[in-house]
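Beneath this line is the structure, given in structure tokens, with notes to follow.
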Amino acid sequence: MAIYSVYIINKAGSLIYQKDFVRLHNDLTSNDYLRMAGIFHGVYAIASRLSPVSEKSSGLLELEAETIKLRCFQSVTGTKFVVIADPKQQNLDIFLSEVYELYADYILKNPFYELEQ
Amino acid sequence: STGSMIYNLYVFSKNGKCIFYQEWNVQRPPPENRGEDQALLFGLLKALTSFVSKASPTECETFQSFETSTYKLHFFEAGTGVKFVINTDPKTLNMQAALKKIYSDMFVEYVIKNPLYSLLEPVKCSAFESSLDKYIKPVSYTHLTLPT
């Protein structure tokens with residue numbers, strides 16, 4: 001399975017989890033990752049605003065580039081789960097719902113976890 | 001693909017000015033400030049290309065498309081830095097070839113090769129507009145796909 005990275009972003013746009021599973025083209029600092037989470041959070045919202053259709057649009061759900069494919073899932077509480085993978089990777093929506101389940105089981109149900117950290 | 005709804009097209013100059021805009025099936029009322037929307041879109045393109053170049057395991061300076069629940073945005077940047085954006089329904093597969101055709105067969109042909117046109121100015125070229133209309137209108141709300 002060619003998953004490259006996972007990001008979990010809280011509803012305020014802060015990064016609460018990040019992991020790379022492959023080496024990236026550029027080495028990124030933790031500040032870079034924080035910035036990327038903020039950028040994605042903004043992009044997600046603006047994508048919804050720029051819809052040429054009048055119905056309420058979701059934010060950015062999927063993105064395709066030559067070297068990566070990105071998929072985003074936003075939970076009802078506003079937490080975003082973002083996966084970046086090989087462009088040919090299928091079933092990223094299933095992958096994200098599994099990540100969400102793990103997050104719910106291990107993080108949210110942990111009585112010592114402070115929300116939004 | 002089983003049909004395409006094409007909403008609108010933007011052309012941006014290298015420095016971010018929207019030099020051309022055309023719409024065919026936009027269902028939303030026009031924004032109060034079109035310039036603001038265009039600037040927002042250009043900012044979005046810049047933010048996304050920056051994000052992609054950082055997130056990629058190999059060198060990658062651009063993206064092809066993104067989708068939301070209501071539309072899909074397709075993006076193409078020419079070698080000269082001119083950027084093309086076309087918005088379609090979310091199920092439309094790939095507009096890269098169509099955008100490249102719009103660039104090389106229409107934009108280069110009628111705009112760039114026009115000695116009266118300067119690259120940073122708004123495009124007011126009826127030959128470009130009519131060739132674009134002739135290309136897009138027949139398939140903009142139909143079960144046909146664009147010939148490339």
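A, B, ... follow the sequence lines: proteins, then strands. Residue 1 opens every chain.
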Verdict with reasoning, B/Leu48 to A/Leu60, per side-chain contact (heavy atoms from CB on, under 4.5 Å)
CA-CA 11 Å; B/Leu48 277 176; A/Leu60 192 154; 4.1 Å; yes

Shortest non-hydrogen pair, A/Leu61 vs B/Ser69, comes out as CD1-N, 3.8 Å

Is chain A contacted by the side chain of B/Ser56, its backbone, both, or neither, given a heavy-atom distance below 4.5 Å?
both

About how many Å separate CD of A/Glu64 and CD of B/Gln64, when rounded to the nearest 0.5 Å?
8.0 Å

How far does CZ of B/Phe51 sit from CG of A/Leu70, to the nearest 0.5 angstrom?
5.5 Å

Largest heavy-atom contact set with chain A, pairs under 4.5 Å, which of B/Cys60, B/Ala47, B/Pro90, B/Ser65
B/Ser65

Would you tabulate the side-chain donor-acceptor contacts of residues 120-130 of chain B under 3.5 Å, counting partners in other chains and residues two or more places apart, or write 'none'?
{"unit_1": "B/Ser130", "atom_1": "OG", "unit_2": "B/Ser126", "atom_2": "O", "d": "3.0"}
{"unit_1": "B/Ser130", "atom_1": "OG", "unit_2": "B/Ala127", "atom_2": "O", "d": "3.4"}

Using heavy atoms and a sub-4.5 Å threshold, report which of residues 35-43 of chain B line up against chain A, by residue number.
B/Glu36, B/Asp37, B/Leu40, B/Leu41

Do other residues, nucleotides or ligands put more than 12 heavy atoms under 6.0 Å from the CD atom of A/Glu66?
no

Side chain to side chain contact (heavy atoms under 4.5 Å, CB included) with A/Ile94: which residues, sequence neighbours excluded?
A/Asn91, A/Glu98

Can you pull out the residues in residues 7-24 of chain B with any heavy atom less than 4.5 Å from chain A?
B/Tyr7, B/Asn8

Rounded to the nearest 0.5 Å, the NZ atom of B/Lys72 sits from the CG atom of A/Leu63 at a distance of 10.0 Å

To the nearest 0.5 Å, tell me how far A/Arg49 CZ sits from B/Arg28 CZ.
8.5 Å

